[in-house]
Amino acid sequence: MQLINRLDALAPAVSDLKTRGSLALVPTMGALHAGHLRLVEAARERADAVAVSIFVNPAQFGEGEDWDAYPRTLEADRAKLAAAGVNLLWAPSTDEVYGPGFATSVRVSGVSEGLDGASRPGHFDGVALVVAKLFNQIRPDVAFFGQKDFQQLAVIRRMARDLDFPVEIVGIPTVRDADGLALSSRNAYLSEEARANAVALPDALNAAAEAILGGANVGATLAEAKDGMRAAGFSLIDYLELRDGDSLAPLSAWQAGARLFVAARIEGTRLIDNIEVTPK
Ligand code: PAF
């Protein structure tokens, strides 16, 4: 596996990989866990060569968020990716990505609004910007993203379509720990006690989904689910909402394709999750 951190070295390496056939990209911010490795596995099954990027993108972190503290584990990540059969690791510095005088923004309206777009103003502008740059730098035929960040996936799909990037966007189902908590690099911030209590988040989603499918009132069900999360130690619930899985429009009653979305803090760590609300 080639590790590259300068743009001038990236272009020839990408051209070389593209001579082998199709090229897949898995964009990440590092601190890799089994969820990322599942994306890599899907990329390897699908394409002739796989590139992974590791870049903790300052443009998608708001003031007071955890950009400084975000786990940076490049050596361990590199070993995992080499063992997983990745061909190219693109791990640029901040200056390499956002050079002097950088002045461009990318904004995707509609799907960026509400949910994390409301709780983290500017977050999806930063995601869209860096992913657009990665698409230009790596020129992948196909790119893989986790469904855990479902709104991000919708934003990237819209951006790729609107800006005519010749790339297929693939969403991969969320990988979960045995108790149901979605894998996330931020789970590493949790104390043992908070980690044990964090299972209240997927539990609340699953119980609410079951109740909604059983015909319960959506508003009352979500209020009850929030109470359960607060009782388990979630101090701040940014949102718990039922939305359409395609348009992300808010729903007050179940319909096919509905999803539940949640973001909440436990011990100061913000966790997000979502599930489809569909009969099993
Ligand atoms: O999901 C992530 O890890 C990031 O938001 C992404 C897509 C790599 C962009 O920085």
Side-chain angles (χ1 to χ4, degrees), residues 5 10 24-40 42-43 50-62 65-74 76-78 80-81 84 86 88-98 102 104-108 111-112 115-117 119-138 140 142-160 163 165 167-175 182-189 261 263 269-274:
N5 43 36
L10 182 66
L25 171 65
V26 181
T28 82
M29 297 203 300
L32 302 179
H33 50 64
H36 297 110
L37 297 179
R38 175 70 200 101
L39 302 182
V40 169
V50 176
V52 172
S53 61
I54 293 183
F55 178 63
V56 186
N57 172 34
Q60 68 187 78
F61 288 77
E65 291 191 347
D66 57 345
W67 183 79
D68 284 329
Y70 199 84
R72 287 163 173 82
T73 55
L74 186 62
D77 292 346
R78 176 185 183 166
K80 286 177 191 172
L81 295 173
V86 168
L88 171 75
L89 170 56
W90 168 229
S93 66
T94 304
D95 287 348
E96 196 68 12
V97 176
Y98 299 115
F102 192 91
T104 299
S105 52
V106 178
R107 162 156 271 254
V108 181
V111 285
S112 285
L115 303 174
D116 263 25
S119 313
R120 304 182 68 190
H123 169 67
F124 289 120
D125 300 358
V127 170
L129 174 64
V130 82
V131 173
K133 282 175 70 71
L134 289 168
F135 285 172
N136 280 329
Q137 292 163 352
I138 309 273
V142 56
F144 290 79
F145 297 86
Q147 287 181 354
K148 182 170 99 39
D149 297 296
F150 200 87
Q151 189 177 14
Q152 166 174 283
L153 183 58
V155 168
I156 291 166
R157 280 191 205 284
R158 186 73 258 167
M159 187 268 299
L163 298 185
F165 281 107
V167 59
E168 182 189 345
I169 308 297
V170 179
I172 298 291
T174 304
V175 178
L183 297 192
S184 163
S185 304
R186 290 192 171 95
N187 293 355
Y189 297 149
F261 293 84
T269 295
R270 188 172 186 277
L271 301 179
I272 65 170
D273 201 352
N274 69 89

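Order of listing sets the numbers, starting from 1, for every ligand and every atom in it.
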In ligand 1, which numbered atoms sit nearer than 4.0 Å to a non-hydrogen atom of Thr28?
8 (C)

Check: Leu134 and Leu25 side chains under 4.5 Å, non-hydrogen atoms:
yes

Phe61 versus Val56: any side-chain heavy-atom pair under 4.5 Å?
yes

Indicate whether any N or O donor in one side chain lies under 3.5 Å from an N or O acceptor in the other, for Asn57 and Tyr70.
no

Side-chain contact, heavy-atom cut-off 4.5 Å: Arg186 with Asp66?
yes

Side chains of Phe55 and Glu96 in contact at under 4.5 Å (non-hydrogen atoms):
no

How far is atom 10 (O) of ligand 1 from the closest protein heavy atom, and which atom is that?
Gln60 OE1, 2.6 Å

Please identify which atoms of ligand 1 are closer than 4.0 Å to at least one heavy atom of Pro27.
8 (C)

Which atoms of ligand 1 are found less than 4.0 Å from any heavy atom of Val130?
9 (C), 10 (O)

Any idea which atoms of ligand 1 are less than 4.0 Å away from a heavy-atom of Gln152?
1 (O), 2 (C), 4 (C), 5 (O), 7 (C)

Can you list the ligand 1 atoms lying under 4.0 Å from a non-hydrogen atom of Met29?
3 (O), 4 (C), 10 (O)

